[in-house]
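These numbers come from a predicted model, not from an experiment. Proteins get letters first, then strands, A, B, ... in listed order; numbering begins at 1 in each. Any value given below was found using the heavy atoms of this structure, including those in side chains, with hydrogens, waters and symmetry copies removed.
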Protein chains: 2
Amino acid sequence: MKPTIYDVAREAGVSIATVSKVINNQQVGKKSKEKVLKAMKELNYKPSILASALTGKPTSTIGFLLPDLANPFVAEVARRVEDRAHERGYNLVICSTDFNPEKEALYISLLRQKSVDGFILAGSFKNVEVLRELLEEHIPVVLLTEFYPSLSVNSVKVDDFIGGYEVASHLISLGHQKIAVIAEEANSSRERIRGYKQALRDHGLDMDDEMIVTSDSSTEDAERLAGELLDRSDPPTAIFACNDLLAISVFLAARERKLSIPDDLSVAGYDNTLLSRSTDPPLTTVAQPIQEMCSQAVDFLIEEIEGKSKIKQRIVMSPQLMIRKSTGVCRLEK
Amino acid sequence: MKPTIYDVAREAGVSIATVSKVINNQQVGKKSKEKVLKAMKELNYKPSILASALTGKPTSTIGFLLPDLANPFVAEVARRVEDRAHERGYNLVICSTDFNPEKEALYISLLRQKSVDGFILAGSFKNVEVLRELLEEHIPVVLLTEFYPSLSVNSVKVDDFIGGYEVASHLISLGHQKIAVIAEEANSSRERIRGYKQALRDHGLDMDDEMIVTSDSSTEDAERLAGELLDRSDPPTAIFACNDLLAISVFLAARERKLSIPDDLSVAGYDNTLLSRSTDPPLTTVAQPIQEMCSQAVDFLIEEIEGKSKIKQRIVMSPQLMIRKSTGVCRLEK
DNA sequence: TATATGAAAGAAAGCGCTTTACATTTTCTT
DNA sequence: AAGAAAATGTAAAGCGCTTTCTTTCATATA
């Protein structure tokens, strides 16, 4: 059997209370402390976090919900969040929600039963009801990569509006007039589109909602949509994909149609994942300061958990346009 | 405050024992059962998994250690394992070990304090000491993607030897004689190399250990190594990268040197991640039946946890060579 | 009708830890 | 050296649940 605090107490010849105190670094006489420490070593004793959590102590565990680990951007976010959490002495329980509000509710409920100390909700968290509930019950939460303007909740994200604006401006400056967008069903995409529209407006270009298509989150669907875009009688000369994964689908659709990038078609992505380095030509995309965002989100959450801060904050970081070779001067201009 | 079993009991007018019984689907009179169920709804009662775990019940939580989420193959494995685990009613606590034996030991110890029911160790788990300990204490463990021939432990993997053999044979059949390998520090790579060597031997080709280089797991290092390979006075005409990530690095190094793939250099990867579709030309690689492996691993673990099976099993699945455009006839033959 | 039988419900102990309130020892004053 | 103050240690209750052991009670049996 695993040793318990009783075993240690017996071995050390003190009471369990004393053992508890040395575990928690409380005032204990030097001699007793030594005896206890020695006993703990000898028995290879490790306190049960369960038992201590039952008495009200936090579990040092964070629930982390994300839409889908298969997206490299999300995977990297997970990686960074995990790193920071471990640095700060917390564990992460990860759940993929697949953009599904019921799963979101389910996992949150489950994790609460397991007494996680707080939640980080990454990507597009859809179930506002559940989120509101968490806030009402003062469960520590931070939103990563997204805001809910109507709710007071700690959030960290990158300015998607600006990102979209910059991509579109870049494309426009290359002479493109017909710029399509392929998005996913998420707030971040909506913001990027807002930025894109603003850029068009600022440059006096026509807006055409037909040019904006939304994919469910599968690769096949995205490729199909991209293909449809390219097969139009009046196809776009540039496509802004709201993430790199979507951009790959555009590449694939273009390749199938023997379109050369960037000569026949300019493509821009978003997220600066390793995918954007692997394509040929390398993908113009938007970099987000992933590590900073993630560290910040974890730190926010831990502050809230440890009760150090009562005020809610929102941090918006700046994206950075990475111009590579997948975008070029519009062929119609040449 | 969150409602406890006492609140429910009071509300329903029964004892807590009765409530506990309905929670656990034990023999309870119909009338009491209804009253309890009703009370639970009304109070929105959710049992504390902590408290129940303290009495010896399992926590329905699996510890999942993997080397690095940033590798898309690993991310997909994580995704599948998570899916299957959730299907079976288990949660996953994920920890990235960075190929670091101390981290491995640390996380295992931590997770044991949190009373996870068992472990899935994916990728290359290095700390044999710790693994042995787990086995001795009869903690359920399954190895995913790797074997320890000397230890009796449930394992699921793909036959890396065959994978390596097939890649090399494919390359050889294209006329390549100087085939370099770029590997990572892991057993799976070692097996793939074994397969590669066997293929060379079977075809009567010379073996040259100089042609095999091992990268730490960073992209930069891999790119540097690939470059060194290509800059040799007698460079290889083909490179077998032990995973797709490494293959990308080879692509990058080749692109930098204006080498055309596959005309000047054939490149093969391993894992069939989405990276292999995004490159140009698309990457020849080896597909692993990720979903089946992961489901199987989870199922093994759960069987062991639930005590349904006492015997240890090893499953080896077959890899599949995916020939795409990054490998071609050796230029020296043309 | 009296008794045996089994199902249903409850009392209470225990899981491993924290914490409060109290008892004991040590240390310091004067 | 006596008494007060500070430091140290302990007993015991409680966290929310499971489980064993009884007790209670309705039903079947003779």
Side-chain angles (χ1 to χ4, degrees), chain A residues 1-40 43-61 109-117 306-307, chain B residues 1-40 43-61 109-117 306-307:
Chain A
M1 263 325 273
K2 278 185 70 174
T4 75
I5 198 172
Y6 287 93
D7 301 319
V8 176
R10 189 175 337 105
E11 180 81 13
V14 300
S15 76
I16 61 165
T18 304
V19 177
S20 175
K21 281 180 186 156
V22 355
I23 293 171
N24 297 290
N25 282 312
Q26 305 190 28
Q27 189 80 256
V28 174
K30 206 174 168 207
K31 290 193 83 167
S32 311
K33 184 161 180 175
E34 265 173 19
K35 284 190 294 180
V36 170
L37 254 18
K38 178 152 166 285
M40 298 204 308
L43 299 175
N44 187 28
Y45 167 76
K46 297 277 190 313
S48 152
I49 294 186
L50 252 55
S52 78
L54 192 55
T55 71
K57 279 182 72 169
T59 56
S60 299
T61 306
S109 165
L110 223 60
L111 295 181
R112 290 188 60 187
Q113 286 189 52
K114 294 196 174 164
S115 302
V116 302
D117 297 337
E306 300 181 348
Chain B
M1 261 328 269
K2 279 186 70 174
T4 74
I5 200 172
Y6 287 93
D7 300 319
V8 176
R10 189 174 338 105
E11 180 80 12
V14 299
S15 75
I16 60 164
T18 305
V19 177
S20 174
K21 281 175 188 157
V22 353
I23 293 172
N24 297 290
N25 281 313
Q26 306 191 26
Q27 191 80 255
V28 175
K30 207 177 168 206
K31 291 195 80 169
S32 310
K33 183 163 182 175
E34 266 174 16
K35 286 191 294 182
V36 170
L37 254 18
K38 180 154 165 285
M40 297 203 309
L43 298 176
N44 187 27
Y45 168 75
K46 299 277 191 314
S48 152
I49 294 185
L50 253 57
S52 77
L54 191 54
T55 72
K57 279 182 70 170
T59 54
S60 299
T61 306
S109 164
L110 223 59
L111 295 181
R112 289 188 62 186
Q113 287 189 52
K114 294 197 173 163
S115 302
V116 302
D117 298 336
E306 299 180 351

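At a threshold of 4.0 angstrom between heavy atoms, the contacts of A:G56 with the nucleic acid are absent. Within 4.0 Å of A:K21, counting heavy atoms only, lies at least one base atom of the nucleic acid. Nucleic acid contact class of A:S20 (heavy atoms, under 4.0 Å, all strands): base. Nucleic acid contact class of A:I49 (heavy atoms, under 4.0 Å, all strands): none. Counting non-hydrogen atoms under 4.0 angstrom, B:S48 reaches the backbone sugars and phosphates but no base. Backbone-only contact: A:V14 has heavy atoms under 4.0 Å from sugar-phosphate atoms and none from a base.
Comparing A:T55 and B:S32 along DNA chain C, the residue whose closest nucleotide (by nearest heavy atom) sits nearer the 5' end is B:S32. Toward the 5' end of DNA chain D, the nearer of the two residues A:K31 and B:A51, judged by each one's closest nucleotide, is A:K31.
Of the candidate nucleotides C:dA12, C:dG16, C:dT18, C:dT18 has the atom nearest to the side chain of A:K57.
Between the P atom of D:dG14 and the CG atom of B:L54 lies a distance of 17 Å, rounded to the nearest Å. With rounding to whole Å, A:L50 atom CG is found 9 Å from C:dG16 atom C1'. Whole-Å rounding puts the B:K33 NZ to C:dA7 P distance at 16 Å. At whole-Å resolution of the value, CD1 in B:I5 and P in D:dG14 are 18 Å apart. Rounded to an integer number of Å, the gap from B:R10 CZ to D:dG16 P is 12 Å. A straight line from CE of A:M40 to C1' of C:dG16 spans 15 Å, rounded to a whole angstrom. Atom NZ of A:K35 is separated from atom P of D:dT10 by 8 Å (rounded to the nearest Å). Residue B:Q26 contributes atom CD, which lies 14 Å from atom C1' of C:dA7 at whole-angstrom precision.
No more than 12 heavy-atom neighbours from other residues, nucleotides or ligands sit within 6.0 angstrom of NZ on B:K38.
Taking both residues in full, the closest heavy atoms of A:S109 and B:K46 are given as OG-CE, 3.4 Å, listed atom of the first, atom of the second, then distance.
Annotation: the span from A:T59 atom OG1 to B:Q113 atom CD amounts to 12.5 Å, rounded to 0.5 Å.
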A:E11/A:L43 under side-chain contact (heavy atoms from CB on, under 4.5 Å): CA gap, chis, key distance, verdict
CA-CA 9 Å; A:E11 180 81 13; A:L43 299 175; 4.2 Å; yes

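The phosphate of C:dA8 has OP1 or OP2 within less than 4.0 Å of a side-chain N or O from B:Q27. Taking only side-chain nitrogens and oxygens, B:Y6 never comes nearer than 4.0 Å to OP1 or OP2 of C:dG10. Taking only side-chain nitrogens and oxygens, A:T18 comes nearer than 4.0 Å to OP1 or OP2 of D:dT10.
Residues passing the side chain to side chain contact (heavy atoms under 4.5 Å, CB included) test with A:I5, sequence neighbours excluded: A:I16, A:V19, A:S20, A:I23, A:Y45.
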